[in-house]
Amino acid sequence: MIVQKPKKLRFHLRLVIALSTGLLFSACSAESANEIGQYSTKSVHKNESKDFKSVYATANQGDPQAQFQLGNMYEHGQGIDKDKNKAAQWYRKSAEQGFADGQNALAKLYYFNMKLEPIFNESIAWFEKAAAQGQPESQLYLGTFYQNGYDRAIDNEQALKWYKKSAENGFATAQLQLGIMYSEGDWIEQDYNKAYRWTRRAAEQGDMEAQYNLGVMYANGFGVKQHYALAAMWYNKSADQGYAAAQNNLAALYYIGDGVEQSYDQAFQWYSKSAAQGDLEAQTNLGGLYHFGHGVEKDLDKALELYRDAATKGHQRAKDIIQVLIQEGIINH
């Protein structure tokens with residue numbers, strides 16, 4: 001049993017250029033995927049780095065924070081071979097002393113690790129204990145349990161309450177999730193102003209998906225005045241962290257010259273990085289650059305290779321481009 005993944009943000013950036021052949025060169029990568037998974041405890045509670053022996057000695061003396069840290073070392077193989085069972089033992093020692101991060105870590109370990117005894121009811125009880133103490137990651141999980149009806153009746157009011165508690169405690173993932181929920185308005189009232197505020201808080205903490213979403217908001221004027229230069233700035237922050245959708249949209253701004261100095265060379269570089277990660281929109285756009293010789297030497301064969309590969313993988317715009325090229329007699333079937 002796994003927590004249902006939150007829905008992906010589906011903002012659509014409508015930057016479309018009509019090229020000479022009638023093809024559409026779209027800038028749109030539509031999705032940001034922040035999926036609830038096993039987050040590193042380091043993002044919630046930071047401990048000073050210590051060697052295994054010193055942490056073990058302190059944990060053996062009954063220190064709950066050291067017990068939690070020792071469990072983390074066993075879980076992730078830091079200074080010692082990985083051992084999930086020993087990790088669980090030390091997390092439990094910490095949790096039973098009321099240490100919230102230990103409770104959260106134990107809950108996650110049992111909830112997600114199918115190789116360990118699947119004590120789901122106990123896992124959820126530990127999530128609740130940690131959440132009640134203000135542990136933000138556990139609060140986020142409680143929100144998902146209420147939203148999706150796992151082990152309890154669906155209760156959107158409770159779900160929103162716990163998401164907000166987590167976000168207000170500074171957990172970037174919850175802030176991002178609230179931004180997505182307010183932007184989509186599926187089960188809470190759509191509110192782009194709130195979406196913008198929560199997304200910005202997550203983006204300012206360095207969350208690359210939130211940075212991308214914030215760029216989309218500035219590009220489209222969702223909850224904020226449209227501002228392409230700020231869109232480019234936030235795309236750039238996300239793109240520098242390797243987020244493919246941001247790399248694609250940043251490339252589009254360079255291609256057009258919105259918010260940045262127009263540069264086919266920069267467009268080519270960012271489309272290439274995004275396409276290398278498997279972004280089919282970027283791959284199709286990169287095909288367009290080869291097709292028309294923008295930022296790279298014109299190479300129709302390379303363009304067709306990119307178009308066809310994207311089309312084979314199901315990208316509709318690539319399929320449409322190929323059909324246009326066939327109709328115009330540029331290529332054969």
Derivation and outcome, side-chain hydrogen bond (donor to acceptor under 3.5 Å, both in side chains), residues N156 and Q147 = CA-CA 6 Å; N156 289 339; Q147 181 187 353; over 6 Å; no
Give a yes or no answer on whether the side chain of S238 reaches the backbone of Y235 with a donor-acceptor pair at less than 3.5 Å.
-> no
For R92 and E122, which heavy atoms make the closest approach, and how far apart are they?
-> NH2-OE2, 2.5 Å
Begin from the C-alpha positions of F52 and Y74 and carry the test ring pair (Phe, Tyr, Trp, His ring centres under 6.0 Å) through to its verdict.
-> CA-CA 10 Å; F52 176 82; Y74 272 116; 5.6 Å; yes
Are any of the side-chain heavy atoms of N332 and I326 separated by less than 4.5 Å?
-> no
Determine, using the 4.5 Å side-chain heavy-atom cutoff (strictly less than), whether L280 and L304 are members of one ILVMFWY cluster.
-> no
What heavy-atom pair brings L109 and K84 nearest, and what distance separates the two atoms?
-> CD2-O, 3.6 Å
Report the distance from atom CG of L176 to atom CH2 of W198, rounding to the nearest 0.5 Å.
-> 12.0 Å
Any salt bridge (Lys or Arg N to Asp or Glu O under 4.0 Å) pairs touching residues 154-179, not counting sequence neighbours?
-> none
Can you find a side-chain donor-acceptor pair between Q205 and Q175 that sits under 3.5 Å?
-> yes
Note: E281-R317 ion pair, threshold 4.0 Å (strictly below) = yes
Please determine, by modelled atom types, if D320 and Q316 share a side-chain donor-acceptor pair under 3.5 angstrom.
-> yes
Measure from the side-chain N and O atoms of S54 to the backbone N and O of D51, and report whether any donor-acceptor pair falls under 3.5 Å.
-> yes
State, to 0.1 Å, how close Y254 and A267 come at their nearest heavy-atom pair, and which atoms those are.
-> CB-N, 3.9 Å
Between Y192 and F222, what is the ring plane arrangement, given parallel below 30°, perpendicular above 60°, and tilted in between?
-> parallel
Rounded to the nearest 0.5 Å, how far apart are CD of Q69 and CG of D101?
-> 11.0 Å
Any side-chain heavy-atom pair from D186 and M181 closer than 4.5 angstrom?
-> no
Do T199 and N213 have side-chain N/O donor and acceptor atoms under 3.5 Å apart?
-> no
For the student: nearest non-hydrogen atoms of N148 and I154, plus distance = C-CG1, 3.8 Å
Compare every heavy atom of H291 with every heavy atom of A303, then report the nearest pair and how far apart it is.
-> CB-N, 3.6 Å
Please work out which of the three classes, parallel, tilted or perpendicular, describes the rings of F268 and Y290, given edges at 30° and 60°.
-> perpendicular
Examine distances only and state if a side-chain atom of Q78 and a backbone atom of L70 form a donor-acceptor pair shorter than 3.5 Å.
-> no
Would you please say whether a donor-acceptor pair under 3.5 Å links the side chains of Y255 and Q266?
-> no
Without hydrogens or angle criteria, can the side chains of N220 and Q226 be said to hold a donor-acceptor pair below 3.5 Å?
-> no
Do Q247 and D279 get their side chains close enough for a donor-acceptor pair, meaning under 3.5 Å?
-> no
Decide yes or no on side-chain hydrogen bond (donor to acceptor under 3.5 Å, both in side chains) for E75 and Y91, but give the supporting numbers first.
-> CA-CA 10 Å; E75 182 179 2; Y91 283 151; 2.6 Å; yes
Euclidean distance, F99 CZ relative to N104 CG, rounded to 0.5 Å | 11.0 Å
Determine, step by step, whether N249 and Y212 satisfy the side chain to side chain contact (heavy atoms under 4.5 Å, CB included) criterion, reporting the C-alpha distance in whole Å, the side-chain angles of both residues, the deciding distance to 0.1 Å, and the verdict.
-> CA-CA 9 Å; N249 284 10; Y212 164 74; 3.5 Å; yes
Mind checking the CD-OG spacing from Q103 to S94? Nearest 0.5 Å is all I need.
-> 7.5 Å
Test item: Y163 and Q177 side chains (from C-beta on) under 4.5 Å apart, heavy atoms | yes
How far apart are the closest heavy atoms of A282 and A275, and which atoms are they?
-> CB-N, 3.7 Å
Within 6.0 Å of CG in N193, more than 12 heavy atoms from elsewhere = yes
Could you tell me whether the side chain of E96 reaches within less than 4.5 Å of the side chain of W126, counting heavy atoms only?
-> yes
Would you verify whether the NZ or CZ of R152 falls within 45 degrees of the ring axis of F145 while also being under 6.0 Å from that six-membered ring's centre?
-> no
Which word best sums up how the rings of H227 and Y218 line up, parallel for under 30°, tilted for 30 to 60°, or perpendicular for over 60°?
-> perpendicular
Please test R200 against E204 for side chain to side chain contact (heavy atoms under 4.5 Å, CB included), starting from the C-alpha separation and ending with a verdict.
-> CA-CA 6 Å; R200 185 175 184 104; E204 287 175 344; 2.8 Å; yes
Dump the intermediate steps for side chain to side chain contact (heavy atoms under 4.5 Å, CB included) on Y111 and I119, then the final yes or no.
-> CA-CA 7 Å; Y111 194 83; I119 312 176; over 6 Å; no
Sub-4.5 Å side-chain heavy-atom contact between W162 and L140 | no
Taking 4.0 angstrom as the limit, do K108 and E137 come out as a salt bridge?
-> yes
Enter the distance from N85:CG to K82:NZ here, rounded to the nearest 0.5 Å.
-> 14.0 Å
Kindly indicate whether the side chain of E128, heavy atoms from C-beta on, has any atom under 4.5 Å from the side chain of L142.
-> yes
Sub-3.5 Å donor-acceptor pair from the side chain of S138 to the main-chain atoms of Q135, do we have one?
-> no
What distance separates K319 NZ from K313 NZ, expressed to the nearest 0.5 Å?
-> 13.5 Å
Sub-4.5 Å side-chain heavy-atom contact between Q211 and Q241 | yes
Could you tell me whether the side chain of Y271 reaches within less than 4.5 Å of the side chain of N248, counting heavy atoms only?
-> yes
Could you walk me through whether L106 and Y110 pass side chain to side chain contact (heavy atoms under 4.5 Å, CB included), step by step?
-> CA-CA 6 Å; L106 181 63; Y110 279 133; 3.3 Å; yes
